[in-house]
Amino acid sequence: MTVRTRFAPSPTGYLHVGGVRTALFSWLFARKHGGAFVLRIEDTDLERSTAESVNAILEGMTWLGLEYDEGPFYQTKRFDRYAEVIDQLLGAGLAYRCDCSRERLDGLREQAMKDKTKPRYDGHCRSRNVPADEPHVVRFRNPEGGSVVFDDLVQGRIAISNDELDDLIIRRTDGSPTYNLTVVVDDLDMEITHVIRGDDHINNTPRQINIIAAMGKIPPRYAHVPMILGDDGARLSKRHGAVSVVEYREKGLLPEALLNYLVRLGWSHGDREIFSLDEMIELFDIEDVNKASSTFNTDKLLWLNQHYIKEDDPKRIAHLLSYLMGKLDVDPAKGPDLVDVVKAQQERAKTLVEMAEISVFFYRDFDEYDPQAAKKHLRPVALESLTRMRDRLAGLEPWTAEALHQAVADVAEELGLNMGKVAQPLRVAVVGRAASPGIDITLHLVGKQACLRRVDRAIDYVRQRAEQQG
RNA sequence: GCUCCCUUCGUCUAGUGGUUAGGACGCCGGCCUCUCACGUCGGUAACAGGGGUUCGAGCCCCCUAGGGAGCGCCA
């Protein structure tokens with residue numbers, strides 16, 4: 001039997017990291033076993049499903065490279081099929097019509113809570129034969145007595161007594177099918193062999209298994225993976241604050257970093273931290289996933305992102321970076337080759353956005369000095385070295401990193417200073433801040449004209465400051 | 001309230017009866033160094049609590065506490 005897994009999000013919000021990890025696990029499991037990965041959009045909640053959410057999901061999956069072999073299938077396009085199954089169940093007496101009012105149901109719930117028991121439907125309409133031409137819902141006739149047992153690939157054996165389950169609604173008054181019915185029908189029809197989903201579905205599973213049994217079918221294997229908690233400890237789920245994957249892209253995260261981070265949440269392979277997609281496919285196993293939920297930690301994600309930025313091909317980084325530079329009103333075509341800039345900054349940024357921000361000065365004169373940097377380095381004592389550097393740079397030919405390094409070293413020696421005493425004022429003059437790549441590379445990439453212009457500006461600044469101080 | 005699930009450094013985790021409880025992120029310190037960063041070396045820090053079982057428990061059992069989920073004409 002070939003493995004078939006699926007990811008079945010409901011388009012009622014954006015795609016968050018919890019969903020992505022579930023998708024990743026499903027995808028990895030399918031890939032590992034040479035099976036198929038199916039994408040299914042569970043949009044039966046007409047009120048809350050939106051086209052934007054569908055787009056966000058598809059976009060997120062594409063960005064991450066989690067390619068699906070089949071789909072996306074939309075449940076709203078399968079209503080006929082669900083109706084067919086419900087009618088069959090109805091015909092076989094495995095489901096029944098119910099016209100209990102919401103008020104009655106609410107009363108039942110209230111009373112149950114008051115009695116300190118679990119709220120359950122009382123089966124009022126089980127044998128009432130509610131006529132089909134009057135408003136009604138359809139309920140599944142859950143087996144009485146006994147219990148449902150299943151061996152979860154992550155959680156182990158789980159057993160729930162049928163007495164805990166009630167007759168759930170499978171068709172609403174408006175005729176639309178409900179979640180527990182559609183999931184079951186789809187997983188069966190799409191021949192899903194392994195259902196990998198969040199552990200918030202554990203409690204639904206026995207109901208679904210009962211429906212499957214009523215349909216005379218064999219249930220798939222289940223793997224309920226724990227949820228992810230947010231940085232603040234609050235849980236990440238569709239119903240609570242969670243960060244969209246699209247936001248991570250906009251923050252300059254690399255998909256491989258996010259995926260690597262996510263796969264290590266609840267899963268590990270010895271002491272290993274770095275996994276390429278191929279390595280994940282080779283080493284991942286759903287049975288190695290932990291049962292406990294884990295907390296999302298942005299610092300570690302950022303560390304991984306920096307790792308991948310460092311390791312990646314500068315050309316690819318440059319390609320991604322150019323878009324971000326554009327958002328900062330910089331045209332990377334006018335100035336140093338962006339690939340060279342990337343090579344210079346590759347070890348200095350945790351995100352692509354950060355890299356863009358610290359690279360703007362290569363293309364455009366900065367507005368103001370960083371106050372701290374100016375205060376510390378653009379002082380009267382620096383005047384001598386700045387003017388000497390200015391003269392030196394003006395006559396420098398060719399404008400290479402090697403020659404620039406030599407020029408700085410020469411000035412330092414002439415003045416009997418160490419490199420830092422010369423390089424730092426110069427750096428602040430050219431960069432506007434006290435941090436940048438090596439001074440030689442920095443000067444080289446900024447270019448002769450801009451360097452001279454900025455050094456002149458710094459000399460003026462220091463003179464003015466000296467005058468003000470009297 | 002009821003049912004189900006979970007519990008090793010702050011965080012992610014290794015660990016499957018005998019370990020100085022290991023690694024990673026973060027944090028702190030050293031080195032490298034023109035700054036920042038990278039790299040590198042070292043340090044900080046954990047078995048939720050209580051009972052058992054056993055010659056011996058992080059590992060097995062029970063209880064308590066804490067956390068999560070479900071209990072919808074949501075998915």
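Per chain, numbering begins at 1; letters A, B, ... match sequence-line order.
Across every strand in view, B/rG39 sits in a pair with B/rC31 that passes the Watson-Crick or G-U test at under 3.5 angstrom. In this structure, B/rA21 forms no base pair with any nucleotide, since neither Watson-Crick nor G-U wobble geometry is met with both distances under 3.5 Å. Remark: B/rA65 base-pairs with B/rU7; criterion is Watson-Crick or G-U wobble with both hydrogen-bond distances under 3.5 Å. When Watson-Crick and G-U wobble pairs are counted only if both distances are under 3.5 Å, B/rC2 pairs with B/rG70. Base pairing of B/rA45 is not made with any nucleotide, judged by Watson-Crick or G-U wobble geometry with both donor-acceptor distances under 3.5 Å. In a base pair of the Watson-Crick type (N1 to N3 plus N6-O4 or O6-N4) or a G-U wobble (N1-O2 and O6-N3), with each distance short of 3.5 Å, B/rU53 is matched with no nucleotide.
Using cut-offs of 30° and 60° for the angle between ring planes, the A/Phe150 and A/Tyr222 rings count as perpendicular. Using cut-offs of 30° and 60° for the angle between ring planes, the A/Phe284 and A/Trp267 rings count as tilted.
Separating the CG atom of A/Asn162 from the P atom of B/rC4 is a distance of 14 Å, rounded to the nearest angstrom. A/Ile169 places its CD1 atom 13 Å from the P atom of B/rC71, with the value rounded to the nearest Å. Rounded to an integer number of Å, the gap from CE of A/Met389 to P of B/rC34 is 15 Å. When the C1' atom of B/rA75 is taken as reference, atom CZ of A/Arg207 falls 13 Å away, rounded to whole Å. The nearest whole Å value for the distance from the CG atom in A/Asp288 to the P atom in B/rA14 is 9 Å. The interatomic distance linking A/Glu110 (CD) with B/rC71 (P) rounds to 18 Å, in whole Å. The nearest whole Å value for the distance from the CG atom in A/Leu262 to the P atom in B/rC25 is 18 Å. Atom CD of A/Glu164 and atom C1' of B/rG1 are 13 Å apart (whole Å).
The minimum heavy-atom distance between A/Gly123 and A/Tyr96, with the atom names listed, is CA-OH, 4.0 Å.
When heavy atoms are screened at a 4.0 angstrom cut-off, A/Glu42 is found touching the sugar-phosphate backbone but no base atom. Residue A/Asp174 is out of contact with every strand shown, counting any heavy-atom pair closer than 4.0 Å. Using a 4.0 Å heavy-atom criterion, one finds that A/Ala434 contacts the bases of the nucleic acid, with or without backbone contacts as well. Among the heavy atoms of the strands, none lies under 4.0 Å from A/Gly198. Across all strands, A/Ile439 comes closer than 4.0 Å to base atoms (heavy-atom distances). A/Ser268 comes within 4.0 angstrom of the backbone, heavy atoms only, and of no base. Using a 4.0 Å heavy-atom criterion, one finds that A/Lys300 contacts the bases of the nucleic acid, with or without backbone contacts as well. A/Pro437 comes within contact range of at least one nucleobase, with a heavy-atom separation under 4.0 Å. Heavy atoms of A/His201 sit under 4.0 angstrom from at least one base atom. Using a 4.0 Å heavy-atom cutoff across all strands shown, A/Thr44 reaches sugar-phosphate atoms only and no base atom. A/Ser294 comes within contact range of the sugar-phosphate backbone alone, with a heavy-atom separation under 4.0 Å but no base atom that close.
The side chain of A/Lys291 sits closest to B/rC6 out of B/rC6, B/rC34, B/rG1. Among the nucleotides B/rC71, B/rA75, B/rU11, the one closest to the side chain of A/Thr295 is B/rU11. Here the nucleotide nearest the side chain of A/Asp299, chosen from B/rG23, B/rG26, B/rC34, is B/rG26. Side-chain atoms of A/Gln424 lie closest to B/rU35 of the nucleotides B/rU3, B/rU35, B/rC25.
Between B/rU11 and B/rC27, the distance separating the two C1' atoms is 12 Å to the nearest Å. Taking the P atom of each, B/rC25 and B/rG43 are spaced 15 Å apart, rounded to whole Å. B/rA46 and B/rG10 have their C1' atoms separated by 10 Å, given to the nearest Å. Of the C1' atoms belonging to B/rC4 and B/rA45, the separation is 34 Å, rounded to the nearest Å. Going from the P atom of B/rA14 to that of B/rU8 covers 10 Å, rounded to whole Å. The P atoms of B/rG49 and B/rA57 are separated by 15 Å, rounded to the nearest whole Å. Comparing B/rU53 with B/rC61, their C1' atoms are spaced 7 Å from each other, to the whole Å. Remark: the separation of the P atoms in B/rG51 and B/rU16 is 26 Å, to the nearest Å.
Sequence order on RNA chain B of the closest nucleotides to A/Ala423 and A/Ala292 puts A/Ala292 first from the 5' end. Comparing A/Met419 and A/Arg109, the nucleotide of RNA chain B nearest to each residue sits closer to the 5' end for A/Met419.
Distances shorter than 4.0 Å separate none of the side-chain N or O atoms of A/Lys116 from OP1 or OP2 on B/rC2. For A/Asn180, no side-chain nitrogen or oxygen approaches OP1 or OP2 of B/rG72 to under 4.0 Å.
Evaluation of atom-type donor-acceptor distances gives a pair under 3.5 Å for the side chain of A/Asn204 against the base of B/rA75. One donor-acceptor pair, N or O on each side, does fall under 3.5 Å between the base of B/rC73 and the side chain of A/Thr173. The base of B/rG70 does not come close enough to the side chain of A/Asp200 for any donor and acceptor atom to sit less than 3.5 Å apart.
One N or O on the side chain of A/Asp152 and one on the backbone of A/Val154 form a donor-acceptor pair closer than 3.5 Å. Side chain of A/Arg6 to main chain of A/Leu39: no donor-acceptor pair is present (N/O by atom type, distance under 3.5 Å, no hydrogens or angles).
Remark: aromatic rings of A/His201 and A/Tyr179 are close, center separation under 6.0 Å. Outside the 6.0 Å centre-distance limit, the rings of A/Phe37 and A/Phe7 are not counted as a close aromatic pair.
Here the rule is side-chain hydrogen bond (donor to acceptor under 3.5 Å, both in side chains) with A/Asn142, and of A/Asp167, A/Asp163, A/Asn210 only A/Asn210 fits it. Each of A/Leu89, A/Thr178, A/Val138 was compared with A/Arg171 under the side chain to side chain contact (heavy atoms under 4.5 Å, CB included) criterion, and only A/Val138 meets it. Of the options A/Val195, A/Thr5, A/Asp151, a side chain to side chain contact (heavy atoms under 4.5 Å, CB included) to A/Arg221 is made by A/Asp151 and by none of the others.
Annotation: cation-pi pair A/Arg139/A/Tyr121 present, NZ/CZ under 6.0 Å from the ring centroid and within 45° of its normal. Both cation-pi conditions hold for A/Arg457 and A/Tyr369: the charged atom is under 6.0 angstrom from the six-membered ring centre and inside a 45 degree cone around its axis.
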Taking only nitrogen or oxygen atoms into account, show me every contact under 3.5 Å that the protein makes with nucleotides 38-43 of chain B, one pair per line with its distance.
{"residue": "B/rC38", "atom": "O3'", "partner": "A/Lys310", "partner atom": "NZ", "Å": "2.9"}
{"residue": "B/rC38", "atom": "O2'", "partner": "A/Glu347", "partner atom": "OE2", "Å": "3.4"}
{"residue": "B/rG39", "atom": "OP1", "partner": "A/Lys310", "partner atom": "NZ", "Å": "2.9"}

